[in-house]
There are 2 protein chains.
Amino acid sequence: MGHNKPSTAGEVPADLARLWRLSASARRGRPAELDVDRVVGAAVDLADREGLDGVTLQKVAQALGFTKMSLYRHVGSKEELVELMADHATGSAPGLDADSWRDGVHWWAAAIRARYAEHPWLVEVPVVGPPRGPNAIGWMDAFLRVLRDTGLDPGTKAGVLVVVSGYVRNAIQQGRQMAEGRRGTGLSQADAEQNYGRALAALVHPERFPEAALLFKAGAFETEPGENPEDQDFVFGLDLILDGVEAAIARLNR
Amino acid sequence: MGHNKPSTAGEVPADLARLWRLSASARRGRPAELDVDRVVGAAVDLADREGLDGVTLQKVAQALGFTKMSLYRHVGSKEELVELMADHATGSAPGLDADSWRDGVHWWAAAIRARYAEHPWLVEVPVVGPPRGPNAIGWMDAFLRVLRDTGLDPGTKAGVLVVVSGYVRNAIQQGRQMAEGRRGTGLSQADAEQNYGRALAALVHPERFPEAALLFKAGAFETEPGENPEDQDFVFGLDLILDGVEAAIARLNR
DNA sequence: CACAGTTAGTGTACCGGAGATACTATCCAT
DNA sequence: ATGGATAGTATCTCCGGTACACTAACTGTG
């Protein structure tokens, strides 16, 4: 699949170099009007407006007033563009200091969640590998800083990072999907009352799926009124994991 | 986006009906040679061989000896086909009984993991909503059965399910990616020595990312020799979460 | 100062892929 | 047998990504 041409100096692959903005803007030849940042910026704007599927090289170029093909001077491929977009939209990690590691993680999670709220298409970006961009690494670093004084060894910290960040992403995704299910499928809201939750409740028979049926009957998957259940769910799961982390830490001091 | 035509009887959307195989195979007109299962089967085989990107309506049809367009009699859209494939490949949940809920969850996770191993493309299937297929519901039910006697209330069980299943999926994905990263980018293996792990180690400067740099320097992201580190990582994260669950259960009996 | 070399942006053309539409083929029930 | 329903086919359009060969614009040298 990927090409990964050897980089300028044979040191770092070209795509990584672009991700980290290592290119020493050429001093010879025709000066560039476009650059990676402008391309990525336009693409992100587009995605904010039309979702990830709405991002097409054609439209990005059009937004910039250039031709489709000119983009290839700055971003190796569509796939790479998406990676660049994701790292850009993720933004740099905020510096944070909290009293406890637990508060710190909550803070971190809330901060990421806010970023996802600004760029909802981020959850649609397929995860094709471990974090590689500077911003992604920054968030990683921020997380690890939170855990610095826990006494956990590096491997464990990394494990916790994987679990927590995976959870956050997953939870956000689920939340968004629920919200969309509620909002309807593009048809009128009234039509959309034909809710999936309800449809499933009809399909999930108690004889075949006793436990699951209980959940659907209880309407556990429908929006309850009350104070932002989504937030509560989010925090619930996070705390569940953090209880596990706490146990791991406690085990150290035993 | 989606169409969601009102179903035959206006009861269940057509795509859900197909997912649950509710169609009462027509008794009039020309009898069908093809059916959902054959289409899905061929598509799954293709995906097993060529990955999810290798699945194209054209090729699926070809494998069956029909034309592309004939598939639309049975599957609504490509997107729907993928959903059908996923549910099919996930397979029905095994009946399981374990001594403890904890063993049960381990068992469940291992079982799912095995399915993903058979159909690696499953991790590439974009998650566009909560589980809807009968097999997905079956696995959900199996999980909930494991937790039956924990005393947790339904909402909490659902939360645990979300966390655990999210973790499993995420962990498998990461594992696969690492493996791929190791295997190279399509170039010769020797060329692939130009490892991403190593490249990142060069980019992640200690001044800017102190904690992350430690990890990369320590080679925490490179394959260590020893007895299947991937398994160990997997179990580690799972146990971390389960410690959290245990704490929640303990809290009940306090 | 011109021109050779270098880099940026363009035009065009291709290779698919998804899917709409209108057709033909095949069968059942009457 | 025949008409209505359903299955499968033939075409065609739209559009996305990208290779390639071009023209345009500049810069450092001789």
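Below, read A as the first sequence line, B as the second, and so on, with proteins coming before strands; counting in each chain starts at 1.
- Each of B/R28 and A/Y72 was assigned the nucleotide of DNA chain D with the nearest heavy atom; the assignment lying further toward the 5' end belongs to B/R28.
- Between A/D15 and A/R132 a salt bridge is recorded (basic side-chain N to carboxylate O distance below 4.0 Å).
- Comparing C/dG19, D/dG8, D/dT6 by their nearest atom to the side chain of B/L57 picks out C/dG19.
- A pairwise comparison of heavy atoms in B/Y167 and B/F234 identifies OH-O, 2.8 Å as the closest pair.
- Of the side-chain N and O atoms in B/H74, one or more sit less than 4.0 angstrom from OP1 or OP2 of D/dG8.
- Closest heavy-atom contact between B/W121 and B/M85: CH2-O, 3.7 Å.
- A/R73 comes within 4.0 angstrom of a nucleotide base, judged by non-hydrogen atoms across all strands.
- Donor-acceptor pairing under 3.5 Å, judged by distance alone, is present between the side chain of A/R30 and the base of D/dA24.
- Using a cutoff of 4.0 Å between basic side-chain nitrogens and carboxylate oxygens, B/R113 and B/D231 are scored as salt-bridged.
- A close approach under 4.0 Å does not occur between any side-chain nitrogen or oxygen of A/T56 and OP1 or OP2 of D/dC15.
- Distances were taken from every side-chain heavy atom of B/K78 (C-beta onward) to each of C/dA18, C/dT6, C/dT10; the shortest belongs to C/dA18.
- Note on B/S70: every side-chain N or O is 4.0 Å or more away from OP1 and OP2 of D/dG8.
- Set against C/dT7, D/dA7, D/dA5, the side chain of B/A32 has D/dA7 as its closest nucleotide.
- Taking for each of A/L71 and B/S77 the nucleotide of DNA chain C with the nearest heavy atom, the 5'-most of the two is the partner of A/L71.
- Atom-to-atom, CD of B/Q62 to C1' of C/dG17 comes out at 14 Å; the value is rounded to the nearest Å.
- Under 3.5 Å, the side chain of B/K68 and the base of D/dT9 form no donor-acceptor pair of N or O atoms.
- Put simply, CD on A/Q58 is 14 Å from P on C/dT12, counting in whole angstrom units.
- Here D/dC26 is the nucleotide among D/dC26, C/dT10, C/dA13 with the atom lying nearest to any side-chain atom of A/P31.
- Comparing A/K59 and B/M69 by the nucleotide of DNA chain D that holds the closest heavy atom to each, the one mapping nearer the 5' end is B/M69.
- If you measure from atom CG of B/D53 to atom P of D/dG17, you get 14 Å, rounded to the nearest angstrom.
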Donor-acceptor pairs are to be reported for all side-chain atoms of residues 69-78 of chain B against protein atoms at under 3.5 Å, with residues two or more places apart or in another chain.
from  : atom 1 : to    : atom 2 : distance (Å)
B/S70 : OG     : B/T67 : O      : 2.6
B/S77 : OG     : B/E79 : N      : 3.4
B/S77 : OG     : B/E80 : N      : 3.1
B/K78 : NZ     : B/V55 : O      : 3.0

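- The nearest whole Å value for the distance from the CD atom in A/E80 to the P atom in D/dG17 is 14 Å.
- Atom CZ in B/F66 sits roughly 16 Å away from atom P in C/dA25 (whole-Å rounding).
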